[in-house]
Every structure is written in C-alpha cells, then in structure tokens.
Amino acid sequence: MWKTILRRIILMIPQVIILSIFIFLLAQAMPGDPFTGLINPNMDPAVIEKMREAAGLNDPWHIQYIRWIGNAIHGDFGTSFLYKLPVAEIIGERALNTIWLSLLTVILTYLIALPLGLFAGRYQNSWFDKVVVVYNFFSFAVPIFIFALLTLFIFGYRLDWFPTTGSVSSDVVKGTTAYFFDKLHHITLPAISQAFLATAVTIQYLRSEVIDAKTQDFVRTARSKGVPTNKVFTRHIFRNASLPIASQLGYEITGLISGSVVIEKIFGYPGIGKLFIDSIVQRDYTVITALILILGIATLIGTLLSDIIMSIVDPRIRIQ
Amino acid sequence: MNKKFVGMATVLALTSATLVACGGDKKANTTNNEVETADVAKFPVESKNEKKAIKDGTLDVAVVADSSFRGLFSAELYEDNVDMQFMRPSHESLFTTDEDFVITNDGPAKLDLDVENKKATITIQKDLTWSDGEKVTADDLIWPYEIIGHKDYTGVRYDNNMTNIIGMEDYHDGKSETISGIKKVDDKTITIEYKDVNPGLLQSGGGIWENAAPKHAMKDIPVKDLASSDIVRKRPITFGPYVMTNVVNGEAVEYQPNKYYYKGAPKLAKINFTSVASASIVEALKAKKYDMVVSMPTDIYSTYKDLENYSVLGRPELSYTYLGFKLGKWDKAQGQVIPNPDAKMADEKLRQAMGYAVNNDEVGKKFYNGLRTNATTLIPPVFKSLHDKDIKGYTQNKEKARDLLKEAGYKDKDGDGFVEDKNGKKLVIKFASMSGGETAQPLADYYIQEWKDIGLNVELATGRLIDVQSFYDKLKNDDPEIDIYQGAWGTGTDPSPTGLYGRHSFFNHGRFADEENDKLLEAIDSKESFDPEKRQEAFYNWQKYASKKAFVIPTLYRTEVMPVHDRVTGLDWHQNNFYMWSEIGVSQEKR
Amino acid sequence: MAKEKKVNENVQESVPPMGMTMIAREFKKDKLAMFSLAVLVIILLGVFIGSVIINQDQIMRVSIFDKYAAPGTFSTTNNTTFILGADEGGRDVFGQLIIGARNSILIGFTITIVTSIIGVGLGIVSGYYGGAIDNILMRIVDFIMILPIQMIIIVFVTIVPKYNVWSFIGIMSSFYWVGKARLFRSKALSESRRDYVSASKTLGTSDFKIMFRELMPNLSSLIITNLTMNFAANIGIETTLTFLGFGLPTNVPSLGTLIGYASNGDVLSNKTWIWLPASVLILVMMLSINYVGQALKRSADARQRLG
C-alpha cells in the first residue's frame, strides 16, 4: 500500500505543475491590474509605471511565472496588492476561518443526513421517505443564497438569535472561552445554511445505497439464515452504506472550503470564499493565483486521504 | 399513490400562499411608493435629538462595504475609502476648513502660505498629545513626507504635490538623507519650500499634508514593512478623540476615548465600527442593530427612508456622474493627450445632442428617489463660491437634439430609423457603463433608449455592463470598443479640474485637449487666482467653456445620506465639521 | 476511486427491455408521474408559446415610472397590467418570467446535452477501450476534478471579452462534463467485460456499434437520472453565479436573473413577486422532471417496476 501511495504522490507532481501554469495564465488574461484602481489624478503616470515595473508586472509571462513558482515552493506567494501583506499570511488567517466553518458544516450535515438517508432507504416509499425526498428536492431546487438570506433575515435580524456578520465580535479577548463561544455563535447560522445544501447529496446517496443493498447477496444470505431484519439493517446495510461517507470526509471538507463563496459573501464571513470574490473584483492577482493553487493541492491531498481511509475501513477496496 | 400527490400539492400550495400573502398587502398602496422623491434641500444635516448625552454610552456604527476592509489605518498608506471611514474617529487631521474647504487656522495646527517666497509655515497651536502619552512635535509633521517620499514607499501619495516640494525628488531617488525643502524651525513649527505655488495649496487636499505621524513609534520600522506593522494595523497611535483598541481584521474595529485628547474627554465610552454588506444593511436597521450607517447606498433609499426610530441625514456629495466622450489618445512618450479630430464623437453638436436627449431630472427622481439631481457644471455646487449657478447645463429637449444632429449633417439616409454619419456611413456608438448597484442596468438601458429615440444607434460596449476594473482598464488603454462612457469622479476637497481634464493628465480619459482649455485651466491654478474674485472668475470661465464644448457632460450630482437612530445626539454631519466625533453621544442606553 | 468501485458491484444483472409500451404502462401505473408529465408539458408549452407571442424588446423596455410596481398595478406608460408586478426598471415580471424560463430551460438543456454527449461519450470510449486512451482521458478528468470549479468559472467569466449566452454555455460545459465522464467510464468498464459484449466482438460488430448501440442502452437508466438531476443543478449554478454577479448579463432575462434580484434584502423580504414566481417555477419543474425521470427509470429497470 505504501508503494501505491508513493506512486500517487509522484503522479501529483505533474498535475500540480500544469495546474500552476494554467492558473497563472488565467490570472494574466484577466483585464486590468491592481494599479488600475489607483486613481489619484495628481499621480504622474510615470510613477505608476515605475510601480508596475518594480512589481514585475511588465516582464514576459514565463519570467513572471518562474519567479512566482520559485518563491511559491518556499511558501512565499508574494505580497497582496490590496492588503499589502504577505499572501500566505492573509490566506492562512482566512483559511482558518473557513476550516472552522466547514468542520461545523460537516458535523451538522452528517447529524442530519445519516438518520434521514438511512431510514428513508430502510422504509422506502413510506410517508417518511416521501417527506425526505421532497425535502431533498427542496434543497436541490432552492438556490443556496435564497435559503441563506432567509435564515439570515429570520434568525439573525428578526429573531436576533445570531450575529449577522463577521466571524467574531470586536470586544472579546482572543484565547478565552468567551472568544471560542463567540466564534461558534458566529458560524452557526452560516454552517446551518451550508449544511442544508450539503445534506441533499449525502441523503440521496445514503438512501439509494440502502435501497440497493437490500437486494444484494449478502443481505439475502443473512436474511435466509434467519437474522432479524433490524439486525440486518444496523449490522450490515447501514454499516456498509455509511463507511464510504466516513472516508469522504477529507474530500467533503476540501469541497466545502472551495465552495463557500456564496455563504461567506452573505454572512460577511471573512473566509477563503469571500477573500476570493474580493480579490477577483479588485484584481488582486497574487491572492487569486495562490488561492486556487493551494485549493487544488488541498483537493489532491484530500482525495488521496479519502482513498487511503477507504481502503483501511473497507478492505475489499484497494486503491489503484 | 395519492399520498405523493399530496406531497407535491402542498409544496405548490405553500409557496403560492406566501406569494399571495406578500403580494396582497402591497396592493393597498395606490401611489407607487418606490418612486416617491425626496426633496434634497430639506434633508437635515444634524441629528434632531436635543437631549444630553448619557455617560459611558456605546455607539454602534455600520460601514457599508461589500469587500472586507483592508485595515491600512494610516493617512499615508490607506488607499481605500472604507479604511478612511474607519479612521475618522481616531485619526484627526491638522487643519480645520471653511465651507469651500479652504484651510482655516482654528484647528490643531495653522498654516501660513508665503506666496512670494513659495514657502509654507505650519505651526502646531494646540496641546496635541499622541494616544500613548507622547507630545506631537514638529518631527511628527515632517515624518509623513519622509514616509511618502521614501524609495520603498508603495502607496499612492507620491504625486505632483509631493514632487512640488524642493528636494523631494532627490530624497526619493536616495540622493539625500532628508528633504532639503522641509525644515524644522522649532519643536512646534516647520517650513516647506515649493517649486511652485498655486491657490490649491490653501485648499484641504490640495497639497499640504494634513496629518501627522508618530515618529517616535515609527522610526524603527523600515518603510517597506510599515504596511504590515502593528502600529498601522492593530494599534495605531493617534491624537483624535478616540483611539482604536481592537481591530478584527476585515470585520470590525473597537474604539475607546483617547484620554490625552486635547479638547477633553469625548462623550462615549466605546464606539464599535462594523463592516456590513449592502444586501443586508436595511434588515439590520429594521432590527435596530446600529446607531448610524456610513456609506449608505442611495439606490435603495425607498427601502429605509421611513424606518421607525431612524431619521435620515443628507448632504451633498463631493462628486458627480458624467458622460464622457473618447476624443483622442494618450501619448505615453510625450506624456500628453493627443486629440483626434476624426474621432467618431469629435463633432461637438453630436455630443450636445446626446446631452439634450436624456432627462436627468427624471433619472434622479425615479431611479434615485431624488437623491441625485441634474448636474449642470463640472464643479459641484457644494463648492459654493466656485460653482457657476448661471450655467443651465443640458436638460431634455429632443427637438433641439434632433435639430443639432441635422445641422451637423447626421441624417437618416437609408430609412432604418437611425442616422448615418456625415459621410453617409452607418453610425453605431458604443456606450460603456459600469456594473454595480441596483440601477446600473436600467439606467444604461434608459439612456440607450432615449438616444435611439433621437435617431442615434447606441449599443452597450462589449454587450454588457463592465466591472469597474475592466472599465478603467479599457478607458486608460483607449480601447477602440468605447466611444462614450458613463463614469463618476469624486472631486475631493480640492476642486481644481486640471488633474482630470488637463492636457498632461493621464486621468483625462476622454483625451480632450485644446488651447483654449489649456489656457482656462492655467488661469485656475495661476498666482492671480490667490485673489478670491479672480479665482471665481477663472472657475466660471472654465465651466462655461466645458459646458459649451461638451467634451464631458455632467449628468448627476449626488446626495449622500446617513440613517441615524434617534438616540444619537450632538451629531453634525456637515462636510467641514471638524469635531463631529468628539461631539457625538447617545441620550439613552437602549436603541 | 472509491465510489466507483462501490458502484461497480451493484451493476444490475438483467438487460431490461425498453420500449414505448413499457413507458406508457409505467406512467399509467403511476398517477404522480402522469400528473408531473402533464404539468411539465403545460409549462413547456406555456413558456415556448408565450415567448413567441411576447415581444421581448417591449418587456425589456425600461419604464422608470413603474419601478417595483406591485402585482396587479396598471401601468399608464405601457397600457398594460402587471400581472406579477415589475422589477426595479419597471419591467414586467410576468413577461420576464416567460422569456426567462425559456432562456433558462434552453440554457440548462443545452448545457446538459453538451456535457452529457461529451461526458457519456468519452466515458464509454474510455471505459470500453481502456489502455492508453483511458489513461490520457482520465488524467485530463483528474486534472479538471481538482480545480475549484466555481472559482475557475468566475475567473473565466471575468476574462471573456464578449460575454453572452453562448460564452456562458461554453464555459459551463467545458467544466461540468468531467464528473459524468468518470461515472460513465466506470460503468462502461464493468459493462464491457460482460458476455454480450465479447459475443458481439467475436461476431465482428464494429466497436462504435457495440459502444453506442449495445452498451449505451444498458446505461440508459443511469443516463436519465443523471440528466434530470443535471438539468436542475445547471439552473441552480446559473442562479448562484448571477447572485454573485458573474452570471448571465443582466439584460438577458433568465430565471437566474429574476431570483438574483433577491440578493437585495428588501426585494427578498418585501418584493417577493420578483423572485418567488421564478423560484416556484424552478421547484415545480424540478419535481416534475424528477417524477417523470423516476418513472422512465423504472420502465428501464425491470426490478423496480411497479407492475
């Protein structure tokens, strides 16, 4: 198994290289640059030109690319044009926020999805199953931002149960328990909104997995041996259906991190997604490229981890 | 199977019920509430709460911004307006101003400009103390110049006003250790020598740096690391009424009174500034989450004008919206504008016709509930003595517009309803407009509609609204895709138009220049204009010429508004009110 | 890789008979499917006939006096009644709903079809041949899979110089085929090991014929469910991008642009007539499509048949 893991890691290298070139070219093709926004009419265009030159924006793309990737290997993604801070620092801070949010989302998702999915599959065509199916379609059909805005307005503004913007209040001290609970308070609402969408996929998967499993050989065998139905479900079917879910954790979280744009925008939550949108709007290239590259690599690692976990929990499957 | 039916039917019933319910209560209104217009002149600029401020009150302020603030809390380094809003309670400037934003000498420091010797003398006249207890000294007045002029400085303030100081360029190039033109006279006084003086120097924002920087705390930080230093980002040292005590990056800032403030303790125990997205600000106000809102969007005015317990303050904004015409190109080598006499929009009658085709009064009333009004000249009326009231500008007159087109030789020869150009070729005008805000698209559509009505075939450049970055990128690169464009300029507190419309200005995006214009602009910035009457005349003359030539047509003047909760007291929101933050208080505990 | 392996084990044994009679029988048995089909047909007819009758230029004409006119308001400027009110430009929401639905359906449909043709096609080819072809295709798929697709799409939208419906379809299609290719590759892989395929091979049937005449029909139930879900998801993606400001140009009415208005809090809570009809329409369409799809799926899969 170690051999296959090593092979997978080596296979990643060309992928990362292509990814980095791809992203870099994309960023180059975007119209405008961070200096477009500098509108101080009294500034000499020659000075702006000098700043562009100093930032290396006038070099041919491959020179810029080599310089960029060379530094990136050492963890230096350059300086953000907007924030005037090292990109790694900004992304690090924001990523932490998003990771917390994603973790809570995943926990909520499984808390909701596991019982709903498994029992809907177990009692297929019952009223419970039908409600779950309709719920499922609701969460597919209702665009996530509508749901998020509604939760924000109802629970954040009308009922005033949750904070409505940001990740933490300005008057709590870092490191205290109050700080922790304040943070938790801030991420609950966005996490619920995000989980609402994420459950749909998981429920659907679990439900069909259980329905499929019912007709399979090992279930038939167990049943014919006289094992009680309930035991068949809890021991065999549920276990088999849930295991892959556990292994998808890594994958799921990376997916959530890169897909949190909408939620973070609505809840004013300073995470990766909001950073990305801000950077796109204001053409903060160094941040955009670094962000996509890091997310790509994270997805690669997440997938690998998922496969490794999968092969551990389910010995029938060997990773390729 | 019937059960499934029910499932789906409930979904339908549920959703349509909400639809009916929501639709129902709206019908009661017979007049259209959405397009009711406010009377700009009647906006209060001060809070009407006369009660005394309570002790130890907390003020919650929302700053509307759709991006996280950048957190460069330094007058020398900040680039974004949002950062500036956050600096207001803590970063006080050195000079007070009058209604026209001319520096007056009642504030923390005073300015003497010696026109003959091209020399300014700045003296600290109040007992200013930094929030860490150190006194503000002459060194702290010089320090900002040394930051901005430094070769490692990456901000946007190293401009013509800076290079106008004698010795600045040598300092910037590293040829000298200090700026030779800036001298410390004593602990409270400095002098600055200029290559050239113009009346703009007396204007706030016109070239005299209006802030001090705490040299004692900053001198050990290399300029290139300043932007990431704690003194800029986390705990700025300032001499304003409040001081930043906690900064949550990109989200919120907490302020507490500056105990060394020279006018005595301000009235509040705490201020919280929070950045709020434009999409949810109205809901936040309905939930009474904030006392006042900075940078409130005006295009959704109808949704918050009647909120319970809030009143809306209004004041003219230092900006205008305009219609620009591409009339030439920028010559990088010569650093100047090269007008093109054959440009599509070169005929001034064509431009005038476009101005007469649209009804900006209606636009202001209907799209902006009266918060924008038809603009007449390129100097907004907020500059009371410089804005020429006699110029009528362009108001809708489609007959006149059609006549102008005819006169200029634009006639519909092939009968498709659109005029052809003077040579009989098809005329398609490409109109660039920025995306953003609710009304951007309908407004662009409206303009195009009206121009079509007088026979001009106008299309959106690139087929859609253009985002800000691409828009200015295209403008500054003289993209042939753009013939006309709708933009907006903030004039700042220095009204001199040379930076935006001069021959040598890169920001003259329309690339218009002629000798008459050069002459008139020169007059505005000349020494003669130190005489207020001469200055007014120079401004009037240029405004008249600009209106006639129509190289840009001002379309809308703007009013900015601020919803304020009734418990806020002592708030005076006049543009030139220097002491707004030290006077503000709250008259009761709860909102 | 994990998921597909798992799926492989569940491949059905039977080769289902297909045909119109089977479908008809299935629909007769399932009243809900029948009802859904009727609803779907009515919506489609209404939308397409309606959009022919309605004059788009007139609908999209800005009439600032009718800004946010409530449903049922009579407009003096247009001499019409706004059945579902008007939007911020005073444009009739009902008209926009019809034209927008047509646009969204066509866009969603086009993207679904394009991605399905590419995804299913490449997936089957890849799974059937295996070897080098499979390797190359799967490397491309792997590469696109690791991209944060939503972000990449946003980057593309900002880059494209002439942005319109077609570039939107192009951008979306170029990324959303990969998931399908992966799924169908694994299906085709296990399917191609079956006896009927080897039998056909020995009989000298051409590869193309085996792949698309024999193998593909066996995957039809999967294709159908995939299609319906995709169609719904594509509309969802369009609305989300519109909300973020990177969707269709705002002068192209679509269900997404109508729902996108709800990003303004006031519209969301007080002017429901703008976004709610579009949301309901999407929901109803999706539910109908799903029930119809399920019936189709059952008719293609003997084990699940209702009778």
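Lettering follows sequence order; numbering is per chain, from 1.
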*Is A:M12 close to C:I146 at the side-chain level, that is, under 4.5 Å between some pair of heavy atoms?*
no

*Can you name the residues of residues 15-23 of chain A that have some heavy atom under 4.5 Å away from a heavy atom in chain C?*
A:Q15, A:I18, A:L19, A:F22

*Quick one: what part of C:I259 sits under 4.5 Å from any heavy atom of chain A, side chain, backbone, both or neither?*
both

_Please enumerate all residues that pass side chain to side chain contact (heavy atoms under 4.5 Å, CB included) together with A:A200, with sequence neighbours excluded._
A:N136, A:S139, A:F140

*Which residues satisfy the side chain to side chain contact (heavy atoms under 4.5 Å, CB included) test with C:I136, sequence neighbours excluded?*
C:I140

_Which atoms of A:L150 are under 4.5 Å from chain C, going by heavy atoms: the side chain, the backbone, both sets, or neither?_
both

*Is any side-chain heavy atom of A:L11 less than 4.5 Å from a side-chain heavy atom of C:D142?*
no

*Just wondering, more than 12 heavy atoms not from C:F109 lying within 6.0 Å of its CZ?*
no

*asked:* Checking A:T165 now: which residues fulfil side chain to side chain donor-acceptor pair (under 3.5 Å) with it, not counting sequence neighbours?
replied: none

*Which distance, rounded to the nearest 0.5 Å, do you find between the OG1 of C:T158 and the CG of A:L26?*
8.5 Å

*Could you tell me the separation between the OG1 atom of A:T299 and the CE atom of C:M145, rounded to the nearest 0.5 Å?*
10.5 Å

